[in-house]
Amino acid sequence: MQESSAEQGPEAVPTSGPLIAGEVSLPELMARLQQDRPAFHSEGDLQHSFARMLWKLAPKIEPRLEVRQNAPDAAGAEYLDLLCIGPTARTAIEFKYFTTQWTGTAGLPPEEYALKSHAAADLARLGFVSDIARLERFGNPDQNGLALLITNEAGLWTPPKQSSTRDRDFRIHEGQKLSGQLLWGGCDYPRNARNLRGSYSLNWQPYSLQDGLRGDFRYLAVSVPPEPVPALTTQP
């Protein structure tokens with residue numbers, strides 16, 4: 001995984017973390033994005049705002065939304081949320097914006113938000129893990145991947161109280177690790193099973209803190225490394 005780092009003062013923007021298209025670190029982009037957009041109206045709003053901020057910070061990167069992929073094992077047409085094309089590297093990004101009900105004013109100039117609750121949290125976990133698996137399939141030696149989730153649903157970053165839930169293999173709370181074969185409800189739902197080639201430790205980060213109940217927004221980012229370059233074979 002490509003990384004960038006710099007010493008930080010009290011007011012410094014963090015710059016240590018995975019690089020997007022070899023040009024800008026994710027923590028730096030998220031810190032700048034939070035200043036402009038502390039909340040979003042929808043997942044599409046997040047995607048557009050992220051791409052716009054990326055272009056501001058790294059004009060050499062060309063962002064492309066909804067890019068069709070040609071994974072060898074694709075069952076049909078599959079589309080990537082955002083492809084970031086840099087001078088020397090590319091990054092494939094999948095977004096998830098899972099919200100619970102929150103109403104408030106945020107940003108400058110002030111903007112009104114009325115966020116609704118989405119589906120059950122277990123489906124949010126399934127969707128995020130599925131994004132990681134997709135990025136593994138979409139990978140190539142010149143392209144890393146990034147699965148990004150922003151949410152104000154505290155149940156996603158805190159450990160669940162029950163251990164015997166159908167999504168126990170898909171839990172994404174702080175400190176969790178994802179790897180290998182993940183089964184949904186044991187073996188009862190094979191269509192929801194996912195297999196990860198890599199191993200991913202999950203570390204949540206603060207995004208923005210807004211007034212009112214459920215105004216704590218956090219993000220989870222999982223970096224998927226580029227595919228290894230195939231070893232050359234020689235004829236005997």
Side-chain angles (χ1 to χ4, degrees), residues 1-5 16-21 25-27 30 69 71-75 78-84 89-98 119-151 153-207 218-231:
M1 169 176 37
Q2 293 176 303
E3 292 197 348
S4 171
S5 62
S16 176
L19 286 179
I20 300 173
S25 76
L26 177 66
M30 295 301 287
Q69 301 297 293
D73 55 351
E78 291 188 287
Y79 291 84
L80 177 69
D81 286 343
L82 180 65
L83 178 62
C84 308
R90 297 185 176 200
T91 299
I93 304 179
E94 289 282 288
F95 296 91
K96 285 290 182 288
Y97 185 52
F98 185 86
D122 58 350
L123 298 181
R125 297 182 184 100
L126 174 62
F128 185 70
V129 173
S130 297
D131 280 351
I132 299 173
R134 279 161 52 84
L135 290 168
E136 288 187 338
R137 292 192 293 107
F138 295 163
N140 64 60
D142 298 318
Q143 176 178 294
N144 67 331
L146 181 66
L148 179 64
L149 164 67
I150 297 181
T151 185
E153 173 54 77
L156 292 178
W157 64 72
T158 55
K161 296 179 180 179
Q162 298 182 5
S163 59
S164 58
T165 56
R166 64 178 182 173
D167 66 333
R168 58 185 177 273
D169 285 358
F170 292 76
R171 291 172 181 169
I172 57 174
H173 53 270
E174 174 65 26
Q176 180 77 334
K177 180 175 286 188
L178 297 173
S179 64
Q181 187 179 37
L182 307 177
L183 300 178
W184 183 268
C187 299
D188 296 335
Y189 300 90
R191 291 183 59 182
N192 286 353
R194 298 292 182 268
N195 190 69
L196 300 179
R197 294 195 297 266
S199 179
Y200 306 97
S201 297
L202 307 184
N203 298 291
W204 286 81
Q205 302 296 328
Y207 184 69
R218 303 187 189 188
Y219 76 89
L220 176 62
V222 168
S223 181
V224 178
E227 281 284 293
V229 177

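Note: hydrogens, waters and symmetry copies are ignored here, and every other heavy atom, side chains too, is used. Just so you know, residue 1 is the first one in the sequence shown, and it goes up from there.
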Do you know the tightest heavy-atom contact between L149 and W204?
CD2-CH2, 3.6 Å
Would you compute the distance between atom CH2 of W157 and atom CD1 of I172 and round it to the nearest 0.5 angstrom?
11.0 Å
Quick check: does any side chain N or O of Q143 sit under 3.5 Å from a backbone N or O of F138, one acting as donor and the other as acceptor?
yes
From CG (D131) to CG (L146), nearest 0.5 Å:
10.5 Å
Do side-chain atoms of R168 reach the backbone of T165 as a donor and acceptor pair under 3.5 angstrom?
yes
Test item: R194 side-chain N/O and W184 main-chain N/O as donor-acceptor pair under 3.5 Å
no
Would you give the length of the straight line joining atom NZ of K177 to atom OH of Y200, rounded to the nearest 0.5 angstrom?
12.5 Å
Is any side-chain heavy atom of F98 closer than 4.5 Å to a side-chain heavy atom of L123?
no
Can you give me the closest heavy-atom contact between V129 and L182, atom names plus distance?
CG1-CD1, 3.6 Å
Side-chain heavy-atom pair L135, L80 within 4.5 angstrom cut-off:
yes
OG (S201) and CD (E174) are apart, to the nearest 0.5 Å, by 10.0 Å
Looking only at non-hydrogen atoms, find the nearest pair between L202 and R171 and report the distance.
CD1-O, 4.1 Å
Heavy-atom nearest pair, C84 first then A21, reads O-CB, 3.7 Å
How about Y207 and T151: do any of their side-chain heavy atoms sit closer than 4.5 Å?
no
Contact summary for P27 and Y219, nearest pair of heavy atoms
CA-OH, 4.2 Å
Can you find a pair of side-chain heavy atoms, one from D169 and one from L183, that are under 4.5 Å apart?
yes
Please test T158 against H173 for side chain to side chain contact (heavy atoms under 4.5 Å, CB included), starting from the C-alpha separation and ending with a verdict.
CA-CA 5 Å; T158 55; H173 53 270; 5.7 Å; no
Ignoring hydrogens and angles, tell me if any N or O in the side chain of D167 forms a donor-acceptor pair with the backbone of F170 under 3.5 Å.
no
Begin from the C-alpha positions of M30 and L148 and carry the test side chain to side chain contact (heavy atoms under 4.5 Å, CB included) through to its verdict.
CA-CA 11 Å; M30 295 301 287; L148 179 64; 4.1 Å; yes
Within this structure, what is the CG-NZ distance for the pair L220 and K96, rounded to the nearest 0.5 Å?
12.5 Å
Rounding to 0.5 Å, atoms CZ (R137) and CD (E78) come to a distance of 4.0 Å
Would you find a donor on one side and an acceptor on the other, under 3.5 Å apart, between the side chain of E136 and the backbone of G198?
yes
Does the side chain of P226 come within less than 4.5 Å of N144's, by heavy atoms?
yes
